[in-house]
2 protein chains.
Amino acid sequence: MSNRTKSTPQAREPSETPRRAADRIRDTAFDLFYREGIRAIGVEEIVNRAGVTKPSLYRAFESKDELIAQYLRDYDRRFRDNFAAQGAGHPDDPKAQLLAYVDYLAARASTDGYRGCGLTNAVIEYPDPAHPAHQVGVESKEALRERLRELCRGMGAPDAEELADGLLLLIEGSYVSGQAFGARSPARVLGAMARRLIEASLATR
Amino acid sequence: MSNRTKSTPQAREPSETPRRAADRIRDTAFDLFYREGIRAIGVEEIVNRAGVTKPSLYRAFESKDELIAQYLRDYDRRFRDNFAAQGAGHPDDPKAQLLAYVDYLAARASTDGYRGCGLTNAVIEYPDPAHPAHQVGVESKEALRERLRELCRGMGAPDAEELADGLLLLIEGSYVSGQAFGARSPARVLGAMARRLIEASLATR
DNA sequence: CAGAGTACGTACCGATCGGTAACATTGTCA
DNA sequence: TGACAATGTTACCGATCGGTACGTACTCTG
């Protein structure tokens, strides 16, 4: 076990194609799993498209399941970053932060070829709660639920938990409807519905 | 013994296990596909659990894809029947009809082991629009969307299309959230949120 | 009772699945 | 130059995938 770090990490251009085999596999798996579905993609296809070989995959990942879990952890990280980035323009304004993401999602989920949320899709593809893909997906959704609750509390909602769950339903509905309806997706009304629900909920006493 | 009634195909003991091979396959496939996912279930497992053999499957169905499509058509039929049944107690009251289904769904989607909507799941499992599973799923969703629009028009909503899409988002969100959260699903607030959204939408002018 | 259909099972196919063993090659640093 | 880590090459494994050629048992009809 030598975890020796090179003192001169040079010639490391992130945009370059070759890179490390493990990274190429990770990126390729991310793209294929998300686009085509996890169960639809075999390890053979991943290594072929990544331009590497199967032993390289199994040197970097214990199994396909572990690669799947890694894909979903990557997806979760990107999701959180993006969620935060959308609201970054509205510090100290929870409602504006949430609406920024909601408007972003409404546009994105109403484009042809949209594939929804990789984490939601994984939970559906692996209904067994014991499967790592299911677990990572559920954990991410629980974190999203909690984040929405924080935002709703910040808005001063009388019942923040209830409003957060309502918004979560709208968001998850946008993920899946976008896949079924493409550019004419019901997700196009997500922004208007979220606003209406928020206003009505803030008005309750 | 005397069976002069060969023209009438009866002698049907509905509760009996053996029945015809094709029917057993259909029922078993329905259950397994819904419970475990379509891609997760092979034809071998279907015929084993149905107590028949593989050639019997391929005599009744052209291919696995055709069996899948049949499963989804069956699912769609049961869904429409159930949707209608939930609102049957409120003739000439579109809002009550819709809320009856919504309340039913809120309860069902908040039980452990809930597996969501088989049609939604199929669209996610088969993202390729050319695949029959995807197509049958999408067609069913379009019909549901239209049904919701009818109901919203019947309620006198100023923008029935918009409200229908909002309700569709809530409903689809309940399907998928139920799988991730089990008994503590956000779907428990579906009834309250649908009511709030409907009232707020009816009040717009 | 003969014979034709019908309904089903036995046994098998090639392809692909996830995963591995053994060895050759490369590039980097000392 | 030589050690070492990373990667490629090749060939393979048992299991399972969707799908089929072919033989057998039952039943209805003539």
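Each chain gets a letter, A, B and so on, in the order the sequences are listed, and its residues count up from 1.
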Inset, instruction - Looking at every strand, decide which applies to B:Ile46 at a 4.0 Å heavy-atom threshold: base, sugar-phosphate, or nothing. - result: nothing

Below 3.5 Å between N/O atoms, which protein atoms pair up with nucleotides 19-23 of chain C? Just atom names and distances, please.
residue : atom : partner : partner atom : Å
C:dG19  : OP2  : A:Tyr58 : OH           : 2.6
C:dG19  : OP2  : A:Lys64 : N            : 2.6
C:dG19  : O5'  : A:Tyr58 : OH           : 3.4
C:dG19  : N7   : A:Lys54 : NZ           : 3.1
C:dG19  : O6   : A:Lys54 : NZ           : 2.4

Inset, instruction - Please state how far atom CG in A:Asn48 lies from atom P in D:dT10, giving the value in whole angstrom units. - result: 13 Å

Legend entry - Length of the CZ-C1' vector between A:Phe61 and C:dG18, whole Å: 15 Å

Inset, instruction - May I ask you to evaluate whether A:Thr53 reaches the phosphate of D:dT9, defined as a side-chain N or O under 4.0 Å from OP1 or OP2? - result: no

Legend entry - Expected output: side-chain A:Arg195 to main-chain A:Gly191 donor-acceptor under 3.5 Å: yes

Inset, instruction - Could you check how far CD1 of B:Ile25 sits from P of C:dC8, rounded to whole Å? - result: 8 Å

Inset, instruction - Output the distance between atom CD (B:Glu146) and atom CG (B:Leu148), rounded to the nearest 0.5 Å. - result: 9.0 Å

Inset, instruction - Using whole Å, report how far CG of A:Asp23 lies from P of D:dA6. - result: 13 Å

Inset, instruction - Might you confirm whether atom CD of B:Glu199 has over 12 heavy atoms from other residues, nucleotides or ligands at distances under 6.0 Å? - result: yes

Inset, instruction - Please state how far atom CZ in A:Arg39 lies from atom P in D:dG18, giving the value in whole angstrom units. - result: 12 Å

Inset, instruction - Would you mind checking if A:Arg73 and A:Glu139 are paired as a salt bridge, meaning a charged N to carboxylate O distance below 4.0 Å? - result: no

Inset, instruction - Round to a whole Å and report the spacing from CZ of B:Arg20 to P of D:dC26. - result: 16 Å

Inset, instruction - Please report, rounded to the nearest Å, how far the P atom of C:dG18 is from the CD atom of A:Glu66. - result: 16 Å

Legend entry - A:Arg59 (side chain) donor-acceptor with A:Lys54 (main chain) under 3.5 angstrom: no

Inset, instruction - Take atom CD of B:Glu45 and atom P of D:dA15, then tell me their distance rounded to the nearest Å. - result: 17 Å

Legend entry - Ring geometry between A:Tyr34 and A:Phe30 (parallel below 30°, tilted from 30 to 60°, perpendicular above 60°): tilted

